[in-house]
Amino acid sequence: QVHLVESGGGSVQAGGSLRLSCAAWGYTYSSYCMAWFRQAPGKEREGVAAIDTGRGTTHYADSVKGRFTISQDNAKNTLYLQMNSLKPEDTAMYYCAADPHACLVPGRVLNPSYNNWGQGTQVTVSS
């Protein structure tokens, strides 16, 4: 089982930036699909961005393309989400997730069917 711990959330004004981090350990596969999801109150959990740690390919939700960047530091076993030009609608709990197969299945990469999850970090964007 992969253990995931998020950090870096906080409160920021619209137009500002935040960088989320996700420390990971307990890998049993050589590569994973690592992703960020978010869930706002009363809404379903939605995929934000994902990266195939083996090939480096990235995927983004249309709502964050050009504003958010997902990246990894393999030496530190850490996943990042750089969030720029934040909007009030980005307000949500952000979760890190890992799955060994999600990036290989069409339509699954930003689907919240991952089998390893962190506890989440809150991001609040005020107007």
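When side chains are defined from C-beta on, K87 does not count as touching V125, because their heavy atoms never get closer than 4.5 Å. Q82 places none of its side-chain heavy atoms less than 4.5 Å from the side chain of S71. Looking at D90 and M83, their side chains never come closer than 4.5 Å, going by heavy atoms from C-beta outward.
With a 4.5 Å cut-off between side-chain heavy atoms of Ile, Leu, Val, Met, Phe, Trp and Tyr, the cluster of W25 takes in V5.
Note: Y80 OH to S7 OG = 9.0 Å, rounded to the nearest 0.5 Å. The structure places CZ of F68 at 9.0 Å from OG of S85, a figure rounded to the nearest 0.5 Å. Going from atom CG of L4 over to atom CD of Q119 covers 10.0 Å, rounded to the nearest 0.5 Å.
Applying the side chain to side chain contact (heavy atoms under 4.5 Å, CB included) criterion to T53, with sequence neighbours excluded, gives S31, Y32, M34, Q72. Listed by chain and number, the residues in a side chain to side chain contact (heavy atoms under 4.5 Å, CB included) with E46 are R38 (sequence neighbours excluded). Applying the side chain to side chain contact (heavy atoms under 4.5 Å, CB included) rule to N115 yields the partners D99, P100; only residues at least two apart in sequence or on another chain are considered.
Smallest separation of non-hydrogen atoms from A35 and A50: CB-CB, 3.7 Å.
Side chain of E6 to backbone of C96: a donor-acceptor contact under 3.5 angstrom is found.
The one candidate from V109, D52, L104, I51 that meets the side chain to side chain contact (heavy atoms under 4.5 Å, CB included) condition with C33 is V109.
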Show me the side-chain donor-acceptor pairs of residues 8-23 shorter than 3.5 Å, one per line, residues at least two apart or across chains.
unit_1, atom_1, unit_2, atom_2, d
S17, OG, N84, OD1, 2.9

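Judged as a ring pair (Phe, Tyr, Trp, His ring centres under 6.0 Å), the pairs with a partner in residues 35-64 (not counting sequence neighbours) are, in order, F37-Y114, F37-W117.
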